[in-house]
Amino acid sequence: MSDSPGLMRAERVRRLKAGVGESRGGFVAYVMYASHRVNHNYALEYAVQRANELRKPVAVIFPIIEKKPHPNLRRFRFMLENLLKMRRELSRRNIKLVVRKNFEFTSLLKEAGLVVVDRPYLTHQRRFVDEVVVNAGSEVVMVEGDVVVPVEVASQRPEPYARTIRPKIVKNLEKFLEPLPAQAPQTSSLQLDMPSWDEETVEDYLKGLDVDPTVEPVGYFVGGEDEAMRRLTVFVSSRLDVYAEKRSDPGAEACSELSPYLRWGMVCPVQVLLAASKKFGFDNVNMQSLVNELVVWRELARNAAVFNPLYGSYDGLPEWARQTLENHASDRREHVYSLHELENAETHDKYWNAAQRELQRTGKIHNYMRMYWCKKLIEWTDHPRTAFEYAVYLNDRYGLDGVDPNSYLGISWCFGAFDRPFFETKIYGKIRKMTEESLKRKPGINKYLNLHTAGGGGPAGI
Ligand SMILES: Cc1cc2nc3c(=O)[nH]c(=O)nc-3n(C[C@H](O)[C@H](O)[C@H](O)COP(=O)(O)OP(=O)(O)OC[C@H]3O[C@@H](n4cnc5c(N)ncnc54)[C@H](O)[C@@H]3O)c2cc1C
């Protein structure tokens with residue numbers, strides 16, 4: 001049996017545990033942990049292919065883990081909205097979706113003839129995969145389906161800058177940009193006798209879960225692959241042509257706003273690039289800009305999570321950056337805000353408050369504002385370590401795209417990582433500073449402020 005069944009590049013597939021003798025388990029189990037989608041799902045297609053070869057049915061196991069970071073209403077609702085849609089979609093493909101709470105699914109792994117699992121990157125997520133391996137009674141295969149270029153294909157070491165990883169990614173891009181056809185399972189799993197926690201509505205699921213109700217759901221983003229595809233269509237048809245020019249203008253409608261969907265695996269970055277490449281060739285300036293963000297920076301974040309054991313923490317910053325911040329830690333701060341004041345957008349700075357309100361109301365912040373939002377925390381807290389911790393807390397708690405390798409790369413970048421030293425200033429030391437003046441030069445900044453006023457309801461959906 002080959003590791004890769006010819007549907008996808010072998011580099012996406014890694015055997016984590018060998019099978020013992022002839023597989024006797026009654027079905028193939030795909031543990032859907034990171035790629036919450038039915039279409040263009042490498043692990044699912046791999047599982048179907050192997051199941052067909054083994055003449056077994058394939059079941060998708062979906063664990064709902066309550067103890068993940070920031071298990072709140074906002075994040076769980078988004079995930080569950082998609083889950084209900086996936087059950088229907090999988091059923092149309094004769095694939096049973098088995099939903100289990102926490103680790104109640106592990107007994108199923110002992111009965112499976114083959115276990116397939118997604119590749120996640122964060123520490124707690126890697127521990128989850130370890131649990132799958134320990135509990136499986138058969139071969140376990142991990143499939144890397146949420147990047148364009150698999151992490152170790154791009155590089156085998158921690159990459160310090162986007163410019164160092166860029167050529168390594170770009171040279172592999174074409175090879176990994178392949179359509180992934182859906183295959184029909186030869187044996188339906190719908191009749192398998194496997195109890196599943198099936199509810200009719202998101203509310204019914206939420207009644208059975210211990211989630212933090214204080215972070216309210218947002219209407220701006222609705223969970224689902226269908227929603228991701230709708231947004232992708234809007235992006236390609238009416239935003240991509242101004243992406244390079246306007247993506248850094250907070251008032252312009254130029255970005256994809258796909259980050260929550262990419263975060264939960266409801267869309268694959270390969271799907272995004274394939275859709276965009278129907279409009280423009282890769283030498284087009286907008287495509288180059290999209291590749292830079294969606295692939296180079298996004299996959300640099302995965303490289304950091306894999307190769308820097310301290311990623312996502314103040315201690316994981318480069319030595320020069322920590323040193324310069326420490327040198328200026330006792331510089332006088334004009335404003336020092338509590339976490340409560342920050343959380344409630346109660347600073348003197350209308351731009352910062354608008355960004356915090358965007359996060360509160362929509363579940364993400366525009367990229368340019370996010371940089372400003374994070375860097376200001378260095379100025380307004382008693383120590384850069386506190387600033388780092390507040391940034392991670394607020395971004396992960398309220399962001400629908402939070403708790404992602406991008407979260408920690410973005411925050412670390414604001415503290416000097418993946419960047420170069422600049423001329424020395426108060427408080428920031430040699431860390432690049434962002435000022436109100438740079439914001440005022442953005443043509444759409446007033447539109448952005450109006451959208452995120454204290455009394456306003458935030459932006460309308462796209
Ligand atoms: C302090 C800070 C925190 C951040 N936290 C997150 C986070 O929690 N989750 C998150 O997905 N991104 C985060 N980013 C990166 C970036 O701000 C968002 O990915 C982007 O704003 C999402 O909007 P979009 O989908 O419209 O992006 P688009 O411009 O349409 O880009 C398409 C996709 O490319 C990826 N991408 C774009 N910019 C970046 C970038 N700078 N770094 C890495 N990937 C990128 C994202 O997956 C994004 O959805 C953070 C950046 C900073 C400075």
Side-chain angles (χ1 to χ4, degrees), residues 69-70 75 121-122 146-148 159 161-162 165-166 169 220-221 227-228 231-232 234-236 238-240 242-250 252-273 275-276 286-305 311-312 352 355-356 358-359 362-378 387-388 390-419 431-432 434 459 462:
H70 299 286
R75 296 169 63 80
Y121 302 98
L122 303 179
D146 292 316
V147 286
V148 179
E159 293 290 340
Y161 303 108
I165 202 171
R166 186 175 293 112
I169 284 181
Y220 192 68
F221 290 109
E227 272 294 306
R231 281 175 182 268
L232 177 55
V234 172
F235 173 62
V236 173
S238 58
R239 296 183 171 201
L240 183 58
V242 291
Y243 186 73
E245 186 197 343
K246 297 191 176 166
R247 59 167 285 277
S248 290
D249 182 343
E253 289 173 353
C255 294
S256 70
E257 302 198 73
L258 280 172
S259 57
Y261 301 93
L262 286 158
R263 153 65 182 84
W264 294 86
M266 294 178 199
V267 65
C268 174
V270 175
Q271 286 175 293
V272 178
L273 273 195
N286 297 301
M287 280 301 274
Q288 286 175 355
S289 186
L290 183 64
V291 167
N292 198 42
E293 304 304 328
L294 176 72
V295 195
V296 176
W297 279 98
R298 187 171 178 276
E299 296 184 10
L300 177 62
R302 274 111 194 111
N303 171 280
Y311 80 88
W352 195 93
Q356 175 62 18
E358 185 189 4
L359 178 62
T362 71
K364 77 178 265 295
I365 314 181
H366 184 278
N367 183 52
Y368 195 81
M369 295 306 296
R370 217 164 193 166
M371 296 190 272
Y372 181 80
W373 171 88
C374 185
K375 280 187 179 280
K376 281 287 163 185
L377 295 175
I378 300 176
F388 198 103
Y390 282 6
V392 169
Y393 172 81
L394 294 172
N395 196 69
D396 281 354
R397 177 168 160 84
Y398 293 101
L400 275 174
D401 60 3
V403 195
D404 183 272
N406 282 1
S407 320
Y408 313 117
L409 172 116
I411 292 166
S412 303
W413 180 86
C414 293
F415 287 73
F418 314 104
D419 203 4
I431 306 294
R432 182 199 296 252
M434 274 177 81
I462 66 166

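Indexing begins at 1, ligand by ligand and atom by atom, following the structure's order. Since this is a predicted model, take the numbers as computed values, not measurements.
- From R370, atom CZ reaches atom NZ of K364 across 7.0 Å, with rounding to the nearest 0.5 Å.
- Ligand 1 places these atoms under 4.0 Å from at least one heavy atom of L409: 42 (N).
- Contact annotation: for R263 versus ligand 1, there are no heavy atoms closer than 4.0 Å.
- The option with the heavy atom closest to atom 50 (C) of ligand 1, from among M371, R370, R231, R239, is R370.
- The closest protein non-hydrogen atom to atom 23 (O) of ligand 1 is K364 CE, 3.2 Å.
- Looking at heavy atoms from C-beta onward, F388 lies in side-chain contact with S412 at the 4.5 angstrom threshold.
- In summary, of the residues considered (N406, D401, D404), a side chain to side chain donor-acceptor pair (under 3.5 Å) with S259 occurs for D401 alone.
- For atom 27 (O) of ligand 1, the nearest protein heavy atom (residue, atom name, distance) is S256 OG, 4.1 Å.
- Polar contact check, D401 against ligand 1: a nitrogen or oxygen pair lies under 3.5 Å apart.
- The shortest separation from a heavy atom of Y243 to ligand 1 is under 4.0 Å, placing the residue in contact.
- Nearest to atom 34 (O) of ligand 1 among the protein's heavy atoms is L294 CA, 3.3 Å.
- The shortest distance between side-chain heavy atoms of L262 and L294 falls below 4.5 Å.
- G402 counts as a contact of ligand 1, since one of its heavy atoms falls under 4.0 Å from the ligand.
- Looking at atom 52 (C) of ligand 1, its nearest protein heavy atom turns out to be G410 CA, 3.5 Å.
- For ligand 1, the polar-atom distance check against R247 finds no nitrogen or oxygen pair separated by under 3.5 Å.
- Figure legend: cation-pi geometry between R432 and F418 absent, as NZ or CZ is not positioned both under 6.0 Å from the six-membered ring centre and within 45° of its axis.
- For K246, the NZ atom is loosely surrounded, since the number of other residues' heavy atoms within 6.0 Å does not exceed 12.
- For the pair N406 and ligand 1, the shortest N or O to N or O distance falls below 3.5 Å.
- For atom 37 (C) of ligand 1, the choice among E299, H366, E293, K375 with the nearest heavy atom turns out to be E293.
- The protein heavy atom nearest to atom 48 (C) of ligand 1 is L262 CD1, 4.0 Å.
- V236 and A275 make their closest contact through CG1-O, 3.9 Å (heavy atoms, listed as atom of the first residue, atom of the second, distance).
- Ionic pairing of D146 and R263 is not present here: no N-O contact between side-chain nitrogen and carboxylate oxygen is shorter than 4.0 angstrom.
- For ligand 1 and I365, the ligand atoms under 4.0 Å from any heavy atom of the residue are 21 (O).
- Atoms of ligand 1 found under 4.0 Å from any heavy atom of L258 (numbered from 1 in listed order, with element): 25 (O), 49 (O).
- Less than 4.0 angstrom separates some heavy atom of S259 from each of these atoms of ligand 1: 11 (O), 22 (C), 23 (O), 25 (O), 49 (O).
- Atoms CD and OG, on E253 and S238 in that order, are 8.0 Å from each other to the nearest 0.5 Å.
- Geometrically, ligand 1 and N367 share a nitrogen or oxygen pair separated by less than 3.5 Å.
- Protein heavy atom closest to atom 24 (P) of ligand 1, with residue, atom name and distance, is E257 N, 3.5 Å.
- Which of Y398, W297, W413, F418 comes nearest to atom 42 (N) of ligand 1 through a heavy atom is settled by distance: it is W297.
- The OH atom of Y398 lies 7.0 Å from the CD atom of Q356; values are rounded to the nearest 0.5 Å.
- Smallest separation of non-hydrogen atoms from P260 and L400: CB-CB, 3.9 Å.
- Nearest heavy-atom pair across H366 and C255 is NE2-SG, 4.0 Å.
- Heavy atoms only, all atoms of each residue included: R247 and N367 are closest at NH2-ND2, 3.1 Å.
- Residue N395 places at least one N or O, backbone or side chain, under 3.5 Å from an N or O of ligand 1.
- Residue C374 approaches ligand 1 through these ligand atoms, each under 4.0 Å from one of its heavy atoms: 1 (C).
- Counting atoms of ligand 1 from 1 in the listed order, those under 4.0 Å from a heavy atom of R298 are 43 (C), 44 (N), 47 (O).
- Ring-plane geometry between F221 and Y261 is classed as perpendicular, the angle between the planes exceeding 60 degrees on a 0 to 90 degree scale with a lower cut at 30.
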